[in-house]
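These values consider heavy atoms only, across backbone and side chains, with no hydrogens, waters or symmetry-generated copies.
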Amino acid sequence: MLDVLSVGNINIDLSFFINKLPDLDGEETADLEIYQGGSAANFAVGASRLGLKVGMLGCVGDDEFGKDAIEGLRREGVATEFVRVMKGKKTGMVCVLVDKGGGRRMLAHRGANAELEAIVDSLPVAKFLQLSNVSRNVLMKVKGSRGRACISLDPGGSAI
């Protein structure tokens, strides 16, 4: 049995480090870093690094980014048998604009993450469930099926 199951977004983050936002129809140069991301995937990696037996339930696209995301989770010791590859979908991506002071602006493409509700019925048994940035429907499905598992909810930006 898993210690923790993290449920939610798996993304690729394209982080652009900028000196200033470009003017309308303008252009600025930036440094670029590409990271594995998604709040649920980030939580899963952190919990695995603490020595817990962690699994991830989420969706990726049938593209190279999806393969990379799954492999990145595996390298971090996260069980990925509950990650579903969604045919014809793109993996979720976030373009993060980071200014000199560390302020962030994000543009998100949900991609395969939007299919989470369709797979949540395959939820395995775990002692602790962590839900990140999930819809109310996903929360209610999980809550109704979990019995005695502890549930932690991170509503993400939708709670602001």
Partners passing salt bridge (Lys or Arg N to Asp or Glu O under 4.0 Å) against Lys53 (at least two apart in sequence or in another chain):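 Here no residue qualifies.
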Enter the distance from [X]:[atom1] to [Y]:[atom2] here, rounded to the nearest 0.5 Å.
X	Y	atom1	atom2	answer
Gln36	Thr91	CD	OG1	10.0 Å
Asn113	Ser39	CG	OG	8.5 Å
Asn19	Glu28	CG	CD	7.5 Å
Met86	Leu116	CE	CG	9.5 Å
Ser15	Glu33	OG	CD	8.0 Å
Phe16	Leu32	CZ	CG	5.0 Å

Nearest heavy atoms of Arg74 and Thr80, plus distance in Å: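 That closest heavy-atom pairing would be NE-OG1, 2.9 Å.
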Smallest separation among heavy atoms of Ala40 and Met56, with atom names: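 That closest heavy-atom pairing would be CB-CE, 3.6 Å.
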Residue pair Cys59, Ile10: steps toward the side-chain contact (heavy atoms from CB on, under 4.5 Å) verdict: CA-CA 7 Å; Cys59 301; Ile10 303 171; over 6 Å; no
Could you check if a side-chain atom of [X] sits within less than 4.5 angstrom of a side-chain atom of [Y], using non-hydrogen atoms only?
X	Y	answer
Val4	Phe43	yes
Leu2	Val54	no
Asp62	Lys87	yes
Thr29	Ile18	no

Qualifying residues under side-chain hydrogen bond (donor to acceptor under 3.5 Å, both in side chains), relative to Glu64, sequence neighbours excluded: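 For Glu64, the residues satisfying side-chain hydrogen bond (donor to acceptor under 3.5 Å, both in side chains) (neighbours in sequence not counted) are Lys67.
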Flag, side chain of Asp99 to backbone of Gly101, donor-acceptor distance under 3.5 Å: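 Indeed, once roles are kept as given, a pair shorter than 3.5 Å links the two residues.
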Given Val60, Asp63, Ile34, the one that forms side chain to side chain contact (heavy atoms under 4.5 Å, CB included) with Ile12: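 It is Ile34; the other options fail the test.
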Side chain to side chain contact (heavy atoms under 4.5 Å, CB included), paired with Val94, selected from Met106, Arg104, His109: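 Exactly one candidate clears the test, Met106.
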Check: Arg110/Asn11 side-chain N/O donor and acceptor closer than 3.5 Å: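 No, no side-chain donor-acceptor contact under 3.5 Å.
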Please check if the number of heavy atoms outside [X] that lie under 6.0 Å from its [atom1] is greater than 12.
X	atom1	result
Arg105	CZ	no
Glu81	CD	yes
Phe65	CZ	no

Leu14 reachable from Phe17 in the ILVMFWY side-chain graph, under 4.5 Å edges: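 Different clusters.
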Leu73-Leu50 co-clustered via ILVMFWY side chain contacts under 4.5 Å: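 No, separate clusters.
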Full working for side-chain contact (heavy atoms from CB on, under 4.5 Å) between Leu5 and Leu57: CA-CA 7 Å; Leu5 179 70; Leu57 186 134; 4.3 Å; yes
Qualifying side-chain hydrogen bond (donor to acceptor under 3.5 Å, both in side chains) pairs, either residue in residues 41-52, two or more places apart: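 Non-adjacent pairs meeting side-chain hydrogen bond (donor to acceptor under 3.5 Å, both in side chains): Arg49-Glu76.
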Worked verdict on Glu115 versus Arg84 for salt bridge (Lys or Arg N to Asp or Glu O under 4.0 Å): CA-CA 9 Å; Glu115 305 299 319; Arg84 299 292 177 256; over 6 Å; no
